[in-house]
Amino acid sequence: MSTAYSMNWPAVRAIYRFEMGRFWRTAGQSILAPVISTTLYFVVFGAAIGSRVSAVDGVPYGLFIVPGLIMLSLLTQSIANASFGIYFPRFAGTIYEILSAPISPLEVVLGFVGAAASKSILIGLIILATSALFVPLRIEHPVWMIGFLLLTAVTFSLFGFVIGLWADGFEKLQLVPLLVVTPLTFLGGSFYAIGMLPPFWHAVSLLNPVVYLISGFRWAFFGKADVNIAISLGMTALFLVICLGLVTYIFRTGYRLKS
Amino acid sequence: MPIISISQLSKTYTSGFTALRDIDLAIEAGEIFALLGPNGAGKSTLINIVCGIVTPSSGTVLVDGHDIAGDYRAARRAIGLVPQELTTDAFETVLNTVSFSRGLFGLRPDPGHIERILRALSLWDKRDSRLMTLSGGMKRRVLIAKALSHEPRVLFLDEPTAGVDVELRQDMWRLVRELRQQGVTVILTTHYIEEAEEMADRIGVIRRGEIILVEEKAALMRKLGRKQLTLNLQQPITAIPPELADYELALAADGRELVYTYDTRAERTGITGLLTGLAAAGIRFNDLHTEQSSLEDIFVGLVREEGARA
């Protein structure tokens, strides 16, 4: 710990535990909310509407929507957790402690993004378990499923971290998740296969990055995808690299962190 | 070697406002250094640069020989900061937030050390209380506990007693003296002059981003202090005799006291001439005493003087 290059792991652990502490303090709300919303989705889409929808690509509709539901929560929770995690200390002024501690930008990101991703993965797994109560789950590629879960959680937690650094008010904090991410997720094939769309809208959908996440995740479950799995992986990795680049830029320039 | 060496440090914000201009300052290990200055003089900017919160425009800062930019880990590890604002995590408990601070500085948990700090700051009984339930004074104590959690060699106290009650102020002064005895260097900014007068070994005065004076407190008061000579007259007088007009004397206590203010820095204080003049005017006195002006008087005088030059 005497050189500038060795990692300050106790600091990473401190930030991680501090952030997870908030999750556990509100565990009832953190865990109950996704369970209730998943149950509602199954009641509406699975039982009420799903019974009138034929199987999609040979997968019963109730089962078909499981990857999309998990992805929906994973994206929104990752962004919300990470953006709030870094924005709140800026808002409250407690960020001074992070800035004046012997911590590198990488360690700050590891602590905050690691905690945000952990929370959203936990919620994703809770939704998966809740789904098992309604439909007979089938996961053809469990390792890939976990891989996509991790990659997406980390990528969107990084994206949330960037939003949390960029935002200069609570309104802006909500702006991107509400106006950009949620529509993209709903239109990204959470509840349908984009192959079901007319050719024009199918082509438009391919501009939506969330399509690749959901498609890849769905492939891990059922072995069937809207787009090639390699392209899905490539697009997710590309988004990860973009977010990493943004975070690096922010810390190098001190943007929104230091005057 | 000074524990903090600041050289040619300047800061201009993106707004164009220049907060610091070519600051040179050396703080010796183990001393209590008070940085005085009016609001907006640049005190907090200077502290925030040393602590890594604000990026300097130019210049270098070494903390215990480590550059704050090139070797920021070692430099920051030596520093504890108590900020001016009462910024706390409202929902955290006292014990958690202080332990968190220790972790940030790369140290393993040490419940014994944390307990000692909390007890010294009368926070032990509140260790499980959430910060939002604490009074302003208690929150200030928590900030001090956080700053001491990683056993720093240098402690920055930015306006430590702003808005705190007398009891806490006394406690804080006691704590600062104890820390000094343990070898901790304490740098405090304040615009409460009595705080600097009470505690500091050396005093720096900053005005409009420039250090206009750094001096041992005692020497400063000795050198810059204005003194007042008060003469208790045997017989009251109604007016000052015209031949003593040059001394700018003042009458007090219904003409029973004559007050002469003089500058100890002056080549001649004028006391001998005054006493001779009084004797010639037939004014006799039965007692006299002198009073040293306070640091506040010195500070106000300095800032005004520099302001007039600017």
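Letters A, B, ... are given to chains in the order of the sequence lines, protein chains preceding strands, and every chain is numbered from 1.
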For each of A:Gly111, A:Ser100, A:Ala11, tally heavy-atom pairs with chain B at distances under 4.5 Å, and name the one with the top tally.
-> A:Ser100
Near A:Trp144 CH2, under 6.0 Å, is it more than 12 heavy atoms from other residues, nucleotides or ligands?
-> no
The single option from B:Leu81, B:Ile53, B:Val54 passing side chain to side chain contact (heavy atoms under 4.5 Å, CB included) against A:Leu99 | B:Ile53
Using non-hydrogen atoms only, which part of B:Ser101 is less than 4.5 Å away from chain A: side chain, backbone, both, or neither?
-> both
Taking B:Arg73 for the side chain and A:Ser6 for the main chain, is one N or O donor matched with an acceptor at less than 3.5 Å?
-> yes
Evaluate the criterion side-chain contact (heavy atoms from CB on, under 4.5 Å) for residue pair B:Phe91 and A:Arg25; output intermediate values, then yes/no.
-> CA-CA 9 Å; B:Phe91 301 102; A:Arg25 264 203 306 275; 4.0 Å; yes
Would you say B:Arg169 has more than 12 foreign heavy atoms packed within less than 6.0 Å of its CZ?
-> yes
A:Phe91 atom CZ, over 12 foreign heavy atoms within 6.0 Å = no
What distance separates A:Glu97 CD from B:Phe100 CZ, expressed to the nearest 0.5 Å?
-> 5.5 Å
Provide the closest heavy-atom pair for A:Ile103 versus B:Tyr72 in the form atom of the first, atom of the second, distance.
-> O-CE1, 3.6 Å
Quick one: NZ on B:Lys146 to OG1 on A:Thr94, what's the gap to the nearest 0.5 Å?
-> 7.5 Å
Can you see which heavy atom on A:Pro102 is nearest to which on B:Phe105, and at what distance?
-> CD-CD2, 3.2 Å
Checking A:Arg22 side chain against B:Glu92 main chain: does a donor-acceptor pair fall under 3.5 Å?
-> no
What closest approach, in Å, do A:Pro10 and B:Gly106 show between heavy atoms, and which atom pair accounts for it?
-> CG-O, 3.6 Å
Over all atoms of both residues, closest heavy-atom pair of A:Ile15 and B:Leu104 | CG1-CD2, 3.7 Å
Is there a side-chain contact (heavy atoms from CB on, under 4.5 Å) between A:Phe18 and B:Asp89 once you walk through the steps?
-> CA-CA 11 Å; A:Phe18 192 82; B:Asp89 290 292; 3.4 Å; yes
Given that the side chain runs from C-beta out, which part of B:Ser99 has a heavy atom under 4.5 Å from chain A: side chain, backbone, both or neither?
-> neither
May I ask you to check whether over 12 heavy atoms, not counting those of A:Arg13, lie within 6.0 Å of atom CZ?
-> yes
B:Arg108 versus chain A, heavy atoms under 4.5 Å apart: side chain, backbone, both or neither?
-> side chain
